[in-house]
Engineer: 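My structure is below; once you've seen it, I'll send some questions.
As a basis for the values below, the full set of heavy atoms in this structure was taken, side chains included, without hydrogen atoms, waters or symmetry mates. So that the names make sense, note that chain A is the first sequence line, chain B the second, and so on, each numbered from 1.
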Amino acid sequence: ETGVTQSPTHLIKTRGQQVTLRCSSQSGHNTVSWYQQALGQGPQFIFQYYREEENGRGNFPPRFSGLQFPNYSSELNVNALELDDSALYLCASSLGQGVREQYFGPGTRLTVT
Amino acid sequence: EDQVTQSPEALRLQEGESSSLNCSYTVSGLRGLFWYRQDPGKGPEFLFTLYSAGEEKEKERLKATLTKKESFLHITAPKPEDSATYLCAVQEKSAGTASKLTFGTGTRLQVTL
């Protein structure tokens, strides 16, 4: 069974640029959630995708957007990067809706300069 | 708004010295409470899910318990490899079908020889 994978591992971008982060869910999982984790903080919920539809969103502006593909992999896109977007971006997959354990990937470390 | 507070922020134990980590939460209706372990620069690793007050779960040296307002993670006779940040997260009933997790800021545990 393959776990959650994310790419790239690290990324450095300049303020104002755009970035795309990728996530492959654990085998058999159809729900993907994205979280942002600033240094020393707990992860903050960005949004969730279930069967290719956005299924819930946290307090993040519209420049954070996403996609889920038929194979349940997912992308997180961030436009007009700001310095405060520097963080560890985590993808988590789960099976179905409701109370389900979410299994996290290793994360992508984004640095905005 | 959901609130999850973890204490202490940091804890240093000697090998074999048992202790407990606390997670207090304020939600309008709890669907589930989750414990994760996170090593530096890595994604959170799932440990336990607790659903209702009075429930307990164990795994090796860890035992999680749940009351109506808080959860405890008891660590018995810890070893240096238990050093990590322990995160608590809640899932609220009003989140609808989205299985959004609201995290605390974690407890950084260091176990020394």
Engineer: Output the option from G42(A), P43(A), A92(A) having the highest count of non-hydrogen pairs under 4.5 Å with chain B.
Structural biologist: P43(A)
Engineer: Looking at F34(B), Y51(B), F48(B), F103(B), which one has more heavy-atom pairs under 4.5 Å with chain A than the rest?
Structural biologist: F103(B)
Engineer: Heavy-atom count around E9(B) CD within 6.0 Å, excluding the residue itself: above 12?
Structural biologist: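 No, the 6.0 Å shell around CD holds no more than 12 heavy atoms from other groups.
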Engineer: Within a radius of less than 6.0 Å around CZ of R61(B), do more than 12 heavy atoms belonging to other residues, nucleotides or ligands occur?
Structural biologist: yes
Engineer: Quick check on the structure: residues of residues 77-87 of chain B within a heavy-atom distance below 4.5 Å of chain A, by number.
Structural biologist: L87(B)
Engineer: Can you find a side-chain donor-acceptor pair between Q41(A) and T105(B) that sits under 3.5 Å?
Structural biologist: no
Engineer: If you count the non-hydrogen atoms of other residues, nucleotides and ligands that lie under 6.0 Å from CZ in R57(A), is the total more than 12?
Structural biologist: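 Counting other residues, nucleotides and ligands, CZ of R57(A) exceeds 12 neighbours.
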Engineer: Chain A contacts: which residues in residues 35-42 of chain B have a non-hydrogen atom closer than 4.5 Å to it?
Structural biologist: Y36(B), Q38(B), G41(B), K42(B)
Engineer: Mark yes or no for whether Q48(A), through its side chain, and S99(B), through its backbone, hold a donor-acceptor pair below 3.5 Å.
Structural biologist: yes
Engineer: Begin with the C-alpha distance, continue with both residues' side-chain angles, and end with the deciding distance and a verdict on side chain to side chain contact (heavy atoms under 4.5 Å, CB included) for K100(B) and S33(A).
Structural biologist: CA-CA 8 Å; K100(B) 161 191 171 183; S33(A) 304; over 6 Å; no
Engineer: I need the contact set between residues 105-113 of chain A and chain B: heavy-atom distance under 4.5 Å, sorted by residue number.
Structural biologist: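 Within residues 105-113 of chain A, near chain B: G105(A), P106(A).
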Engineer: Contact part of Q6(A) toward chain B, heavy-atom cut-off under 4.5 Å: side chain, backbone, both or neither?
Structural biologist: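 Neither the backbone nor the side chain of Q6(A) comes within 4.5 Å of chain B.
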Engineer: Would you say L50(B) ends up clustered with I75(B) if hydrophobic residues are merged whenever their side chains have heavy atoms under 4.5 Å apart, either directly or through other cluster members?
Structural biologist: yes
Engineer: Take a 6.0 Å sphere around CD of E70(B) and say whether it holds more than 12 heavy atoms from other residues, nucleotides or ligands.
Structural biologist: yes
Engineer: In terms of hydrophobic clusters joined by side-chain contacts under 4.5 Å, are F46(B) and F45(A) together?
Structural biologist: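 Cluster IDs for F46(B) and F45(A) match.
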Engineer: According to a hydrophobic-cluster definition based on side-chain heavy atoms being under 4.5 Å apart (Ile, Leu, Val, Met, Phe, Trp, Tyr only), do L90(A) and Y50(A) belong together?
Structural biologist: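 Looking at the clustering, Y50(A) is in a separate group from L90(A).
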Engineer: Which residue out of G106(B), G32(B), P44(B), A89(B) racks up the most heavy-atom pairs below 4.5 Å with chain A?
Structural biologist: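 With the most close heavy-atom pairs to chain A, the winner is P44(B).
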Engineer: Which atoms of Y35(A) come close to chain B, meaning under 4.5 Å heavy atom to heavy atom: side chain ones, backbone ones, both, or neither?
Structural biologist: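 Side chain only.
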Engineer: Counting a contact as any heavy-atom pair under 4.5 Å apart, which residues of residues 62-86 of chain A contact chain B?
Structural biologist: none
Engineer: Going hydrophobic residue to hydrophobic residue with side-chain gaps under 4.5 angstrom, can you get from L101(B) over to F47(A)?
Structural biologist: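 No, it is not one cluster - the side chains of L101(B) and F47(A) are not joined through contacts under 4.5 Å.
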Engineer: If hydrophobic clusters are built from ILVMFWY residues whose side chains come within less than 4.5 Å, do V19(A) and F60(A) share one?
Structural biologist: yes
